[in-house]
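As the structure is a prediction and not an experimental result, all values here were calculated from the model. Each chain gets a letter, A, B and so on, in the order its sequence line appears, and its residues count up from 1.
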Number of protein chains: 2
Amino acid sequence: MQAVPQSRIQRRNRAAISEAALDVFSRQGFRGATLDEIASEAGLSKPNLLYYYKSKEAIYQQLLTGVLSTWLDPLRDLDPQGDPVEQILNYVRRKLDLSREMPRESRLFANEVLRGAPLVGDHLNGELRALVDEKAALIEAWAADGRIAAVSGRHLIISVWAETQHYADFDVQVRAVMGSGDPMAGAAQHLERLFRRLIEV
Amino acid sequence: MQAVPQSRIQRRNRAAISEAALDVFSRQGFRGATLDEIASEAGLSKPNLLYYYKSKEAIYQQLLTGVLSTWLDPLRDLDPQGDPVEQILNYVRRKLDLSREMPRESRLFANEVLRGAPLVGDHLNGELRALVDEKAALIEAWAADGRIAAVSGRHLIISVWAETQHYADFDVQVRAVMGSGDPMAGAAQHLERLFRRLIEV
DNA sequence: CGTCGATTTGACCAGATGGTCAAACAAAGA
DNA sequence: TCTTTGTTTGACCATCTGGTCAAATCGACG
């Protein structure tokens with residue numbers, strides 16, 4: 001990704017397209033989304049949209065790649081020097097914040113993985129796997145030192161993903177079950193409790 | 001649903017269609033799936049398929065309804081008379097077994113909810129909500145009696161869903177992260193630990 | 001066998017969809 | 001103003017997709 005210089009107009013339109021595409025792709029998935037809907041939501045004609053991105057897949061790819069790195073930031077920041085319990089609980093908090101603030105991105109990713117991750121499979125088996133290897137080892141080192149309870153690093157990380165992303169991805173279901181009021185209410189408390197109990201010695 | 005008498009041929013073909021449709025819908029989602037693919041996987045021609053089901057949506061609906069009740073069985077069986085901790089842990093176990101044995105059904109449902117549950121929204125706000133109301137109350141009664149730790153019944157149930165379904169729905173991701181060997185290995189232990197620690201007084 | 005209802009299929013259709021292209025239009029500098 | 005470059009669009013296309021239909025084929029039973 002090099003920073004190609006862009007005119008004012010280019011920047012505006014590309015941004016509008018990304019925004020519209022995120023909306024549509026996250027709701028409908030890749031195959032369910034249509035260029036017409038994206039174009040119309042971006043306030044452009046379809047040919048005009050294709051003037052900025054060479055294909056439907058190109059837009060999708062770009063969104064996905066953008067999300068991926070954001071998504072891993074909180075895990076990347078797990079600090080070997082910090083207090084183990086605080087580090088992990090903070091990881092959970094930041095991940096939950098992401099779900100709260102970027103539910104569309106979360107669903108975009110969920111849709112992709114559900115399909116079998118045809119476009120990000122390599123990334124999963126490369127970058128993601130490497131990062132998890134590293135951080136799982138860190139967690140297990142903490143456990144071995146008796147600074148947190150014995151726990152599988154990989155499964156702990158998976159649990160954090162499962163719990164936090166569920167609130168974004170299955171929003172409709174959560175909403176149905178939580179009744180009126182903010183469905184997110186209490187989620188933070190609940191997860192803090194859950195993970196604290198899991199890892200505290 | 002009444003039991004319409006069916007010929008041998010009808011039973012065989014309807015079963016083949018259901019099986020093929022489950023496969024395709026769970027991988028591609030509703031919009032991504034095509035009648036051609038389903039028909040071909042069922043070993044029938046497309047018009048022949050439409051002789052048995054009147055539309056794409058009809059097949060989908062039927063699958064979804066079938067899954068829904070199975071999906072709630074374990075929760076339904078939470079027994080007020082049983083030992084609280086054992087009841088909840090057993091619920092987790094059965095839910096994880098479902099994920100292990102019926103990953104396609106899990107993904108089918110996940111796809112539907114991700115889309116905003118257009119076809120099962122009513123079910124979620126009706127049957128599901130009622131059941132969760134009842135069981136969440138039960139859990140919180142146990143908590144109030146000091147038989148398990150204080151915990152939100154609704155959030156506990158959501159956690160069970162999140163944790164167990166994640167292994168089926170995001171299989172590709174789990175597999176990438178868990179490295180070689182059975183990705184499910186250790187999941188049961190981990191979840192047992194996690195939920196035991198969460199609810200034990 | 002012959003008949004009648006159940007089953008299967010090839011041909012077809014209308015609408016949607018991703019994508020192309022040449023022409024029209026705007027912007028900005030010379 | 002003229003020219004050049006960047007931007008936008010209407011018309012169009014090939015393909016895919018859900019669905020129809022009349023005709024052909026099959027199967028069971030008298």
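With sequence neighbours excluded, the residues forming a side-chain contact (heavy atoms from CB on, under 4.5 Å) with D133(A) are R129(A), R154(A), listed by chain and number. Judged as a salt bridge (Lys or Arg N to Asp or Glu O under 4.0 Å), and not counting sequence neighbours, E140(A) has no contacts. Among residues two or more places apart in sequence or in another chain, the salt bridge (Lys or Arg N to Asp or Glu O under 4.0 Å) test is passed with R196(A) by E192(A), E200(A). Shown here are the ring-ring contact (aromatic ring centres under 6.0 Å, His included) partners of F195(B), two or more places apart in sequence or in another chain: there are none. With sequence neighbours excluded, the residues satisfying salt bridge (Lys or Arg N to Asp or Glu O under 4.0 Å) with E86(B) are R93(B). With sequence neighbours excluded, no residue forms a salt bridge (Lys or Arg N to Asp or Glu O under 4.0 Å) with D79(A). Remark: Y53(B) engages no residue in a ring-ring contact (aromatic ring centres under 6.0 Å, His included) (not counting sequence neighbours).
Proximity of Q10(A) to the phosphate of dG6(D): no side-chain N or O atom is located under 4.0 Å from OP1 or OP2.
Taken residue by residue, residues 17-45 of chain B places heavy atoms nearer than 4.0 Å to DNA chain C at R31(B), S45(B). Against DNA chain D, the stretch residues 49-59 of chain B makes heavy-atom approaches under 4.0 Å through L50(B), S55(B), K56(B).
Ion pair E101(B)/R94(B) not flagged as a salt bridge, since none of the NZ, NE, NH1 or NH2 atoms sits closer than 4.0 Å to an Asp/Glu carboxylate oxygen. Ion pairing of E19(B) with R14(B) is absent here, as no side-chain N (NZ or NE/NH1/NH2) approaches a carboxylate O to less than 4.0 Å. Ion pair R31(B)/E37(A) not flagged as a salt bridge, since none of the NZ, NE, NH1 or NH2 atoms sits closer than 4.0 Å to an Asp/Glu carboxylate oxygen.
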Check against side-chain contact (heavy atoms from CB on, under 4.5 Å), F170(B) and D169(A) = CA-CA 12 Å; F170(B) 300 101; D169(A) 301 344; 4.0 Å; yes
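Every pair tested for salt bridge (Lys or Arg N to Asp or Glu O under 4.0 Å) that includes a residue from residues 155-166 of chain B fails, sequence neighbours excluded, so the list is empty.
Chain B approaches DNA chain C within less than 4.0 angstrom (heavy atoms of the protein), and the contacting nucleotides run 5' to 3' from dA6(C) to dT17(C).
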Please list each protein N or O that sits under 3.5 Å from an N or O in nucleotides 25-29 of chain D, with the distance.
none

